[in-house]
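Notes to accompany the following structure.
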Amino acid sequence: MQRIFSGIQPTGVPHLGNYLGAVRNWVALQQNHDCLYCVVDLHAITADHDHKTLAAQTRDLAAALIACGIDPDRHVLFNQSAVHAHVRLGWIFTCVARMGWLNRMTQFKDKAGKDRENVSTGLFTYPNLMAADILAYHATRVPVGDDQRQHLELANDIAQKFNHDFEVEFFPAIEALIPPTAARVMSLRDGSKKMSKSDTSDQSRINLTDDADTISAKIRRAKTDPEPLPSEVEGLEGRPEARNLVGIYAALDDTDHAGVLARFGGQGFGTFKSALADLLVAKLSPIAAETTRLLADPGHVDAILRRGAERAAAIANPIVDEAERIVGFLKP
Ligand code: TYM
């Protein structure tokens with residue numbers, strides 16, 4: 001059975017982009033794969049973070065993932081800092097990856113912006129650790145949103161260079177699993193920007209913890225244009241906000257853009273937005289309620305993560321031990 005690995009950062013509350021771009025796919029893949037899902041707290045400290053809340057945010061996110069349908073009994077759910085194999089292999093990969101490769105990473109350029117001299121060196125080497133996350137388990141399939149595509153290409157470059165330099169066939173090739181609709185959910189305020197935890201406007205995103213009234217209000221206020229919805233997919237060309245809302249509806253309703261337009265084409269945004277809000281509330285409210293229920297017993301969530309870390313370490317440690325031998329370390 002092919003092994004799945006994926007991760008999510010515990011910075012802020014998970015949002016609809018995380019859910020439709022990644023987590024929903026994580027849940028589905030549990031049917032016929034061995035899966036490891038990781039709350040990547042090591043990655044969270046590459047940007048300024050609040051050390052007083054990081055632990056709680058890590059637990060909250062784990063609870064939200066379970067509420068979304070991640071099964072921590074049949075699969076492995078853990079937080080990254082609890083399994084040291086990630087850092088051990090991450091260092092090796094930092095020595096395998098080339099400056100030029102990392103210099104090309106668009107996410108670094110976006111996040112560093114004009115402040116390149118002042119961001120942490122961890123933000124620059126972030127993709128090396130991400131490659132280590134996956135390859136420490138010899139995972140071959142990685143369900144992510146479209147924004148992680150370039151990082152996964154880099155992970156393959158690192159694996160290939162490692163194999164080539166040390167004359168081994170040790171690390172496998174990895175494949176990105178990117179969903180057909182909603183691979184890139186955009187901001188509700190600006191159809192050219194992706195929905196993001198770091199956007200200063202909470203109106204730009206639907207959080208998985210938002211209540212029904214908040215969801216409805218955010219969708220009502222979402223930016224659109226004055227035209228009615230088109231009847232054909234081509235009519236969404238040049239209308240990023242309309243395309244985004246139609247894509248969200250399609251993903252939630254397990255159809256595609258054409259399926260949504262067959263139903264709502266020719267109608268104004270008023271009717272469509274109210275149907276979209278209803279659908280969002282129906283799909284997300286049970287997740288919010290279950291997250292709250294789970295967090296009433298934080299010790300239980302922590303125990304799940306502890307057990308997950310033990311199981312993850314049992315898989316990763318022998319693989320990373322072998323990688324260290326291949327590199328040439330004395331392991332007395
Ligand atoms: P993160 O925490 O930013 O996002 C978690 C997952 O959600 C997806 N995603 C989106 N999908 C569609 N539309 C959006 N607006 C949107 N925003 C986020 C992301 O693509 C991701 O799949 N570097 C990763 C975490 C990571 C990881 C890994 C992922 C660390 N190690 C190993 C896979 C494998 C990140 O920051 O995701």
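Residue numbers count from 1 along this sequence. Ligands are counted one by one from 1 in listed order, and the atoms in each one are counted from 1 as well.
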Salt bridge between R98 and D157, side-chain N to carboxylate O under 4.0 Å?
no
Ranked by distance from atom 12 (C) of ligand 1, the top protein heavy atom is A183 O, 3.2 Å
So that I can tick it off, tell me whether D302 and R59 are bridged by a salt bridge, with the cut-off set at under 4.0 angstrom between side-chain N and carboxylate O.
yes
Proximal ligand 1 atoms for V144, defined as those under 4.0 Å from one of its heavy atoms:
22 (O), 33 (C)
Does only the side chain of V40 get under 4.0 Å from ligand 1, or the backbone, or both, or neither? Count heavy atoms.
side chain
Atom 10 (C) of ligand 1: nearest protein contact (heavy atom, Å)
G17 O, 3.3 Å
Identity and separation of the nearest protein heavy atom to atom 20 (O) of ligand 1
D147 OD1, 2.4 Å
Less than 4.0 angstrom from a charged side-chain N to a carboxylate O is my criterion; do K223 and D190 meet it?
no
Which atoms of ligand 1 are found less than 4.0 Å from any heavy atom of F5?
32 (C), 34 (C)
Using modelled atom types only, decide if a donor and an acceptor are shared between the side chain of S216 and the backbone of D213 within a distance under 3.5 Å.
no
Is D254 salt-bridged to R24, going by a charged N under 4.0 Å from an acidic O?
yes
Quick one: does ligand 1 sit under 4.0 Å from the side chain of L152, the backbone, both or neither, non-hydrogen atoms only?
neither
Identify whether V40 and W91 are in the same connected component of the hydrophobic contact network (ILVMFWY, side-chain heavy atoms under 4.5 Å).
no
Heteroatom distance test (M195, ligand 1): nitrogen or oxygen, under 3.5 angstrom
yes
Lys/Arg-Asp/Glu bridge criterion (N-O < 4.0 Å) met for D110, K194:
no
Pull out every atom of ligand 1 sitting under 4.0 Å from any heavy atom of H43, numbered as shown with elements.
30 (C), 31 (N)
Can you label the angle between the F93 ring and the F171 ring as parallel, tilted or perpendicular, going by 30° and 60°?
perpendicular
S6 N/O under 3.5 Å from ligand 1 N/O
no
Between L177 and M130, is there shared hydrophobic-cluster membership here, with clusters defined by ILVMFWY side-chain heavy atoms closer than 4.5 Å?
no
Carboxylate-amine/guanidinium contact R307 E310, below 4.0 Å:
no
Give the atom numbers and elements of ligand 1 that come within less than 4.0 Å of a heavy atom of R184.
12 (C), 13 (N)
Sidechain N-carboxylate O distance under 4.0 Å for D225, R239
yes
Among all protein heavy atoms, pick the one closest to atom 18 (C) of ligand 1 and tell me residue, atom and distance.
N18 ND2, 3.2 Å
Are D41 and S81 linked by a side-chain donor-acceptor pair shorter than 3.5 Å?
yes
In terms of residue, atom name and distance, what is the protein heavy atom nearest to atom 35 (C) of ligand 1?
Y126 OH, 3.4 Å
Could you check whether H43 and Q80, counting side-chain N and O atoms only, form a donor-acceptor pair closer than 3.5 Å?
yes
Answer yes or no for K197: is there a heavy-atom contact with ligand 1 below 4.0 Å?
yes
Hey, is ligand 1 close enough to P143 that some N/O pair sits below 3.5 Å?
no
Contact partition for T11 relative to ligand 1, non-hydrogen atoms under 4.0 Å
neither
Got the closest protein heavy atom to atom 6 (C) of ligand 1, with its distance?
A22 CB, 3.7 Å
Quick one: nearest non-hydrogen protein atom to atom 37 (O) of ligand 1, plus distance?
Q148 NE2, 3.9 Å
Any idea which atoms of ligand 1 are less than 4.0 Å away from a heavy-atom of G21?
11 (N), 12 (C)
Could you tell me whether D133 approaches ligand 1 through its side chain, its backbone, both or neither, with non-hydrogen atoms closer than 4.0 Å?
side chain
Considering the heavy atoms of V142, write down every atom of ligand 1 situated less than 4.0 Å from one of them.
33 (C), 34 (C)
Any H15 heavy atom less than 4.0 Å from ligand 1:
yes
Should D147 and R184 count as an ion pair when the cut-off is N to O under 4.0 Å?
no
Report yes if Q9 has an N/O atom closer than 3.5 Å to an N/O atom of ligand 1; otherwise report no.
yes
Closest to atom 25 (C) of ligand 1 among protein heavy atoms sits G7 O, 3.6 Å
